[in-house]
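What follows is a short report on a single structure.
Numbers for residues simply follow the sequence, beginning at 1. Every number for a ligand or one of its atoms is a count from 1 in the order of the listing.
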Amino acid sequence: MKTLEEIKKSLESTYLSHEIDEKLPLIEEINRLKKEKNAILLGHNYMTPDVFFGVSDITGDSLYLSKVAAETDADIILFNGVHFMAETAKLMSPEKKVLIADLKAGCSLAESITREDVKKLKAQYPGVPVVTYVNCTAEVKAETDICCTSANAAQIVNSLDSDTVIFLPDEYLAGNVQNQTNKKIISFPGRCMVHEMYTEEDILSVRRQWPEVAVISHPECNKDVVAVSDYSGSTSQMSKYIKDSGAKNIFLVTECSMGDNLRTEFPDRTFVSSCRTCPHMKKITLEKIRDALVYEQFEVKLKPEIIEKGRLAVQRMLDLSFK
Ligand code: 13P
Ligand code: SF4
């Protein structure tokens, strides 16, 4: 458990001192409430620094947080992230109370595809295995053979005993996986509204301005962006690359708060400032987190049939990723 002084220090590279002073009482209240209620707060890497450093007990990418959700012995899981992540936590810990501070924290990828769409594709390509990116609803996961995240997409696809794979719903991630496999990938036209905005020209112009820069992109960007990047990986893999490579100047091709959090973790590096905000992730605020704990809202509930089938798809992924 971090002290209030440590939390304060981690907020200094993002907020003005009067803003920190306003946030600290709320952070203290949330940390008291979570102890009283035996709640664990999981924080995705795209949470703002006050949520990320101030109140989240465990932080990470979607893969790691789904593993933590499956293993925790807390009574309540409050997911500081978007709705599909909280649903994944519910799939993996169905007996627990799983909360999210704002039910409208969605995802353009999760909204791009329905269970019916998957059923149609399965009818069109009988016997072809279906891999779904975790950025989809639990209902879609329930129609799936195995899930993947951006940390393990190629590994999961390559593990399947089939020459053709249906990969849903992110067409850009599918394109990047296609470059790492000999299998034929059948994709779907879903996109992340944040990462689809980046173009190859954006990267080339940053490189002209900062010839020494290390460009690190999320694989939800299109394959042309990834091709001109130095590294592409999940949010936690990006962070590991920064640590291991020792890169001094970094251009992150991803969501804005990731840069704020990494600037705090790596104070000796320079982050070229240009980023895109995910409006869904930004719906999660300290005020809403406090209310979520006080009123034990908003609870994620899933039908038993969805839990049974969706859980299998996530568990298969975890078994392959954490052998
Ligand atoms: P990660 O799985 O890399 O954490 O990414 C989740 C996400 O929503 C990226 O936009
Ligand atoms: Fe979805 Fe993109 Fe936001 Fe991630 S950044 S939650 S993929 S809309």
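Near N135, meaning under 4.0 Å from one of its heavy atoms, ligand 1 places the atoms 7 (C), 8 (O). Set against the non-hydrogen atoms of S234, the atoms of ligand 1 under 4.0 Å away are 3 (O). Ligand-side atoms of ligand 1 in range of S150: 1 (P), 2 (O), 3 (O), range being under 4.0 angstrom from any heavy atom.
Note on ligand 1: M238 sits outside its first shell, no heavy atom being nearer than 4.0 Å. Under a 4.0 angstrom heavy-atom cut-off, H195 registers as being in contact with ligand 1.
The aromatic rings of Y231 and Y241 sit parallel, their planes meeting at an angle under 30°, below the 60° perpendicular limit. Between H44 and Y46, the angle of the ring planes goes over 60°, which puts this pair in the perpendicular group of the 30/60° scheme.
Under 4.0 Å from ligand 1, the heavy atoms of E220 that appear belong solely to its side chain.
A donor and an acceptor atom, one from each side chain of N152 and S321, are located under 3.5 Å apart. Remark: the D260 side chain and the S257 side chain contain no N/O donor-acceptor pair separated by less than 3.5 Å. Between the side chains of D319 and Q315, at least one donor-acceptor pair of N or O atoms lies under 3.5 Å.
The N/O atoms of T149, backbone and side chain alike, include none that comes under 3.5 Å of an N/O atom in ligand 1. Remark: ligand 1 and N45 share no N or O pair separated by less than 3.5 Å (distance only, no angle test). For the pair S62 and ligand 1, the shortest N or O to N or O distance falls below 3.5 Å. By the 3.5 Å distance cut-off applied to N or O atoms, H218 is counted among the residues near ligand 1.
Around atom 2 (Fe) of ligand 2, the protein N, O or S atoms found under 2.8 Å comprise C192 SG.
Two residues are said to be in side-chain contact when any heavy atoms from C-beta on lie closer than 4.5 Å; S159 and Q155 fail this criterion.
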Go through C275 and C256 one step at a time and tell me if the disulfide (SG to SG under 2.5 Å) criterion holds. CA-CA 5 Å; C275 60; C256 295; 2.2 Å; yes
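Residue S162 comes nearest to P129 through the heavy atom pair OG-CD, 3.4 Å, listed as atom of the first residue, atom of the second, then distance. L168 approaches L121 most closely through the heavy-atom pair CD2-CD1, 3.5 Å.
Residue D161 qualifies as open at atom CG: its count of foreign heavy atoms under 6.0 Å is 12 or below.
In this structure a side-chain-to-backbone donor-acceptor pair under 3.5 Å is present from D230 to V215.
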